[in-house]
Amino acid sequence: MLARAARGTGALLLRGSVQASGRAPRRASSGLPRNTVVLFVPQQEAWVVERMGRFHRILEPGLNILIPVLDRIRYVQSLKEIVINVPEQSAVTLDNVTLQIDGVLYLRIMDPYKASYGVEDPEYAVTQLAQTTMRSELGKLSLDKVFRERESLNASIVDAINQAADCWGIRCLRYEIKDIHVPPRVKESMQMQVEAERRKRATVLESEGTRESAINVAEGKKQAQILASEAEKAEQINQAAGEASAVLAKAKAKAEAIRILAAALTQHNGNAAASLTVAEQYVSAFSKLAKDSNTILLPSNPGDVTSMVAQAMGVYGALTKASVPGTQDSVSSGNSTDVQGTDASLNEELDRVKLS
């Protein structure tokens, strides 16, 4: 109880000295516990004991016994993680911009002996080291990189503090930047830069959208023309194939009709059937005269159907004799007379046409 009371009194004195000086807390010898022979050390604390002014040992948590007068508790170190607010400070970046920046430092005492005899005030020393390291690290970065690389900046400060504080028995766990205050004019310039960058990105995105739209339209027209040409090509091929098939079918039908007609003419009374067909065609053609044109050529006696049939049969007989020479003997004398008469009348009609 006496030790706790002594430590409470020392804490009050320490707080008063901190408020008066306005800097990081420092140890005061009046706040140390007094040697009462039997001492109880709290958990996560290390009490450094000196015997006759020389380091003797470090008391472990729990029950400890000291020799009065000879032994004295010189330092009390807390082994917990300590949080220290780094005061706001000015720093100049690489592009000559003055910033007001503050942070939070997290550290822990790893070796109570070094923390007691390696430096006068470990917390204050680490705080000053953090401030100076922060200024030096900010001087290596431009303003834009300060906001983008806060994590790398914190890691650099932690590494620099650990290298310097190793001989003090203190290990810096992490450092976090709390606030970065930019001058008003620089802040306005940054805001204008952000707005300009956003307008630029909007313009670029709009132009890229227009370009993609034009490319898609052109690609669609190209594909449409290709498909249209392929369709036209297929249509022409199909049309040509259809016309060829139609011509072939017509030729085959005509050949079949000629073959049937030739077979029919060789039969009995074939000439009479041919004469009847020619007479029917003549009458049909004669009925269509003067329907399509005003200028026509008529035979001398258009009403004489018999003579026209005779002429047609004479031409047919002449063509038959020319194509089949062996059939001249089989033609009757009546047919030859008709052919001769038909030839004579055909010649007369031709002479009349020439004279007209």
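Since we're looking at a predicted model, the values are computed, not measured. These numbers come from the heavy atoms of this one structure, side chains and all, not from hydrogens, waters or symmetry mates.
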Checklist line | Inter-residue atom distance Asn96.CG - Leu143.CG, 0.5 Å rounding | finding: 11.5 Å
Checklist line | Intermediate values then yes/no, side chain to side chain contact (heavy atoms under 4.5 Å, CB included), Trp47 and Leu39 | finding: CA-CA 10 Å; Trp47 293 4; Leu39 299 175; 4.1 Å; yes
Check: Can you tell me how far CD1 of Ile84 sits from CG of Leu107, rounded to the nearest 0.5 angstrom?
Finding: 4.5 Å
Check: What's the shortest heavy-atom distance between Val86 and Ala130, and which atoms?
Finding: CG2-CB, 4.3 Å
Margin query: Would Ile82 and Glu123 count as a side chain to side chain contact (heavy atoms under 4.5 Å, CB included) here? Give the steps.
Written below: CA-CA 9 Å; Ile82 304 172; Glu123 290 86 355; 3.9 Å; yes
Checklist line | Candidate pair Phe55 and Val48, rule side chain to side chain contact (heavy atoms under 4.5 Å, CB included), full reasoning | finding: CA-CA 8 Å; Phe55 173 75; Val48 179; 3.7 Å; yes
Check: Is there side-chain contact between Arg51 and Ile67, with at least one heavy-atom pair below 4.5 Å?
Finding: yes
Checklist line | Phe147 versus Arg150, closest heavy-atom pair with distance | finding: O-CG, 3.7 Å
Margin query: Testing Arg135, His181, Gln100 one by one against Ser90 for a side chain to side chain contact (heavy atoms under 4.5 Å, CB included), which residue passes?
Written below: Gln100
Next item on the list: Please report the shortest heavy-atom distance between Pro68 and Val37, naming the atom on each side.
Entry: CG-CG2, 3.4 Å
Notebook entry, point to check: Got a sec, which pairs hit salt bridge (Lys or Arg N to Asp or Glu O under 4.0 Å) with one end in residues 159-186, sequence neighbours left out?
Noted result: Glu81-Arg174
Check: Hey, are the side chains of Leu138 and Leu153 touching, using non-hydrogen atoms and a 4.5 Å cut-off?
Finding: yes
Note to self: Between Lys140 and Glu137, is the salt bridge (charged side-chain N to carboxylate O under 4.0 Å, His left out) condition met? List the steps.
What the structure shows: CA-CA 5 Å; Lys140 300 177 183 178; Glu137 292 294 331; 3.8 Å; yes
Check: Could you state the interatomic distance from CD1 (Ile101) to CD1 (Ile180), rounded to the nearest 0.5 Å?
Finding: 4.0 Å
Margin query: Checking side-chain polar atoms at under 3.5 Å, does Ser142 have a donor or acceptor matched by the opposite partner on Asp144?
Written below: no
Notebook entry, point to check: What residue pairs, at least two apart or across chains, pass side chain to side chain donor-acceptor pair (under 3.5 Å) with a residue in residues 102-112?
Noted result: none
Item checked: Distance (rounded to the nearest 0.5 Å) between Gln131 CD and Gln89 CD -> 4.5 Å
Next item on the list: Return the minimal non-hydrogen interatomic distance between Arg57 and Leu66, and the atom names on each side.
Entry: NH2-CD2, 3.7 Å
Note to self: Check this for me: Glu206, atom CD, are more than 12 non-hydrogen atoms of other residues, nucleotides or ligands nearer than 6.0 Å?
What the structure shows: no
Next item on the list: Kindly indicate whether the side chain of Val146, heavy atoms from C-beta on, has any atom under 4.5 Å from the side chain of Val97.
Entry: no
Next item on the list: Treat each ILVMFWY residue as a node, draw an edge where side-chain heavy atoms are under 4.5 Å apart, and state whether Phe40 and Ile65 are in one component.
Entry: yes
Compile the donor-acceptor pairs under 3.5 Å between side chains in residues 212-227 and protein atoms, sequence neighbours left out, one pair per line.
from   : atom 1 : to     : atom 2 : distance (Å)
Asn216 : ND2    : Glu212 : O      : 3.0
Glu219 : OE2    : Gln223 : NE2    : 3.3

Margin query: Measuring only between side-chain heavy atoms, which start at C-beta, is Arg201 closer than 4.5 Å to Arg198?
Written below: yes
Next item on the list: Would you sort out whether Val126 and Cys172 count as a side chain to side chain contact (heavy atoms under 4.5 Å, CB included), showing the intermediate values?
Entry: CA-CA 9 Å; Val126 171; Cys172 180; 5.6 Å; no
Notebook entry, point to check: What's the shortest heavy-atom distance between Ile170 and Pro122, and which atoms?
Noted result: CD1-CB, 2.9 Å
Next item on the list: Can you measure from CD (Glu232) to CD1 (Ile237) and round to the nearest 0.5 angstrom?
Entry: 11.0 Å
Notebook entry, point to check: What is the minimum heavy-atom distance between Ala46 and Pro112, and which atoms define it?
Noted result: CB-CG, 3.6 Å
Notebook entry, point to check: For the atom pair CD (Glu45) and CD1 (Ile58), what is the distance rounded to the nearest 0.5 Å?
Noted result: 13.0 Å
